[in-house]
Every structure is written in C-alpha cells, then in structure tokens.
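Encoded as structure tokens, the structure appears first; notes follow it.
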Amino acid sequence: AEVDITRDILDDFAEAFAYRLDWACTQADGGADATDGGMTGVFGGGGTAAAAASTHATVETTTLEDWTKCLLTVDPAVLSRQARWWMHPQILVRALSVKDSNGRSIFLPANEAPTVGGIGSILGYPVTPAHVCPTTNTATSKVAVFGDPAGQVVGIRTDYAFEASDQHCWNTYERSFRGVGRAGTKIRRALAYAVLTLTA
C-alpha cells in the first residue's frame with residue numbers, strides 16, 4: 001500500500017521547531033552558534049541569580065527561604081503580575097522534599113491550591129513543568145526560574161517553509177525534506193526573572 005509520510009515528517013519538524021524555540025527562551029546562553037543562535041534564555045543568563053544559602057548544593061537540601069529569595073529578587077511589580085515558576089519535572093519531584101515551617105511540602109498540587117495554567121503552586125504561584133529546562137542537581141546548577149512571562153519577548157515569523165525534493169539525493173533514490181522557520185527571543189528586563197541557583 002502507498003503511504004504518504006509527509007504528514008508525519010511535518011509533525012516532526014513542528015516538534016523540533018518548538019523545541020528549538022523553547023531552548024532559546026530557557027537555556028540559550030547567547031552564543032552565536034547553531035545551538036543558541038545568539039539568543040539568551042532565562043536560565044542561560046537572561047535572569048537574575050538568586051543563590052541558595054551556603055551548603056545548599058542540591059534541590060533536596062534547599063529550604064523555604066531559598067525559594068522565597070526568588071520572590072524577593074525580582075522587581076516588586078512582578079509579584080502582582082501573572083508570575084509563575086518554570087522547572088524540569090525531575091527538579092519538581094526533587095522540590096517535593098522541601099518543607100515549610102509546618103512540615104508541609106512547599107509544592108501544593110492543583111487539588112489543594114487551584115492554579116490557572118499550572119499543575120500546582122509554590123508559594124502561591126503556578127508551576128509550569130518544561131522538559132527543556134535543566135535537570136542537573138549539583139553545586140552551582142540553575143534549577144528553577146520564577147518571574148513574569150511578559151519579561152521576555154518572543155517573535156515568530158509566519159513564513160514557515162516546508163519542502164520536499166526527489167533530486168537532492170537522486171543517486172541514492174531518496175526523497176529529502178527541509179523545514180525552515182524563523183523566530184527570535186529577547187529578555188526585556190533581567191529582574192523580571194529570578195533563577196534559583198544552588199551553591200557550592
């Protein structure tokens with residue numbers, strides 16, 4: 001039977017494009033290379049570091065005060081906006097062991113503290129898990145970001161191109177596909193974001 005794989009390949013390109021855009025917004029370090037494209041993400045240097053207390057070198061050893069420090073690092077106006085947390089799901093699992101003064105986890109699931117667009121909350125602000133965020137849980141690692149989504153501008157051009165060719169690899173009897181999408185991101189203000197950073 002004849003099978004048209006174009007739809008599947010187009011889906012693959014769309015997923016890859018979304019991942020690259022997520023990378024640009026989160027982990028890109030400003031390098032003018034194929035990985036970062038000159039973009040700077042919130043984890044990659046676009047946010048302001050909120051260092052955990054001395055000896056807090058893993059997520060599990062952080063305390064409530066380390067997480068509240070993120071709220072105190074950003075511009076005060078951020079606290080009255082649609083602020084939220086971003087972190088990798090594995091980091092969120094590790095954060096479950098951080099307790100408040102009553103011995104409860106600082107992460108409250110949505111059934112305990114309903115949050116719009118989040119799976120739960122930390123200190124009253126929704127948590128958005130993102131697989132593109134860092135997973136490293138060692139000294140000096142950046143593990144979570146708190147801030148205002150409006151602190152970063154993301155532009156996506158609408159002229160996305162998807163092409164197929166039977167000529168590019170004609171000598172091997174192959175069809176090649178090419179997708180081209182253009183986007184850019186820029187941090188508007190470093191103090192719109194606080195990056196929880198583990199200590200040495």
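Evaluation of the ring-ring contact (aromatic ring centres under 6.0 Å, His included) rule for His56 yields no partner, not counting sequence neighbours. Here Arg182 pairs with nothing under the salt bridge (Lys or Arg N to Asp or Glu O under 4.0 Å) rule; sequence neighbours left out.
Checking side-chain atoms of Asp75 against main-chain N and O of Ala77 turns up no donor-acceptor pair under 3.5 Å. The main-chain N or O of Glu60 is never found under 3.5 Å from a side-chain atom of Thr62 such that the two would form a donor-acceptor pair. Looking at Thr140, its side chain never comes within 3.5 Å of a backbone N or O of Thr199 through a donor-acceptor pair.
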Is there a salt bridge (Lys or Arg N to Asp or Glu O under 4.0 Å) between Arg104 and Glu112? Walk through the geometry before answering.
CA-CA 12 Å; Arg104 297 186 62 196; Glu112 290 187 73; 2.4 Å; yes
Output, in order, the C-alpha distance, side-chain angles, deciding distance and verdict of side chain to side chain contact (heavy atoms under 4.5 Å, CB included) for Phe162 and Val180.
CA-CA 6 Å; Phe162 181 68; Val180 179; over 6 Å; no
Kindly determine whether Glu15 and Phe17 satisfy side chain to side chain contact (heavy atoms under 4.5 Å, CB included), including the steps that lead there.
CA-CA 5 Å; Glu15 184 176 328; Phe17 182 77; over 6 Å; no
Show me the side-chain donor-acceptor pairs of residues 22-31 shorter than 3.5 Å, one per line, residues at least two apart or across chains.
unit_1, atom_1, unit_2, atom_2, d
Trp23, NE1, Asp36, OD1, 2.8
Thr26, OG1, Asp22, O, 2.8
Gln27, NE2, Val132, O, 2.6
Asp29, OD1, Gly31, N, 3.0

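Here the closest heavy-atom approach between residue Gly124 and residue Ser121 is recorded as C-CB, 4.1 Å. Of all non-hydrogen atoms in Val98 and Val59, the two that sit nearest each other are CG2-O, 3.6 Å. Minimum heavy-atom separation, Met87 to Val127: CE-CG1, 4.3 Å. Smallest separation of non-hydrogen atoms from Cys70 and Leu196: SG-CB, 3.7 Å. Across all their heavy atoms, Ala194 and Thr73 have their closest contact at CB-CB, 3.9 Å. Heavy-atom minimum distance, Ile122 versus Trp67: CD1-CZ3, 4.0 Å.
If you look at Tyr193 and Phe146, their ring centroids are not closer than 6.0 Å. Tyr125 and Trp85 have their aromatic ring centers separated by at least 6.0 angstrom.
For the atom pair Lys69 NZ and Thr63 OG1, the distance stands at 10.5 Å (nearest 0.5 Å). For the atom pair CG (Asp100) and CD1 (Ile106), the distance works out to 8.5 Å, reported to the nearest 0.5 Å.
Counting heavy atoms from C-beta on, the side chains of Val42 and Ile187 come closer than 4.5 Å. By the 4.5 Å heavy-atom criterion applied to side chains, Leu64 and Leu123 are counted as neighbours. Val74 is listed as a side-chain neighbour of Leu79, based on a closest heavy-atom distance under 4.5 Å. Thr138 has its side chain out of reach of Leu198: every pair of non-hydrogen atoms, C-beta onward, lies at least 4.5 Å apart. Using a 4.5 Å heavy-atom threshold, the side chains of Thr61 and Thr55 count as separate. Looking at Ile156 and Leu21, their side chains come closer than 4.5 Å, going by heavy atoms from C-beta outward. Using a 4.5 Å cut-off on side-chain heavy atoms (C-beta onward), Pro134 and His88 make no contact. The side-chain heavy atoms of Ile119 and Phe107, taken from C-beta on, include a pair separated by under 4.5 Å.
Transitive grouping of hydrophobic side chains (ILVMFWY, heavy atoms separated by less than 4.5 Å) keeps Trp86 and Val154 in distinct clusters. Tyr19 is not connected to Met39 by any chain of hydrophobic side-chain contacts under 4.5 Å among Ile, Leu, Val, Met, Phe, Trp and Tyr, and they are in different clusters.
With a 6.0 Å radius and a threshold of 12 heavy atoms from other residues, nucleotides or ligands, Lys99 has its NZ atom above the threshold.
With no hydrogens or angles considered, no side-chain donor-acceptor pair links Asn137 and Gln90 at under 3.5 Å.
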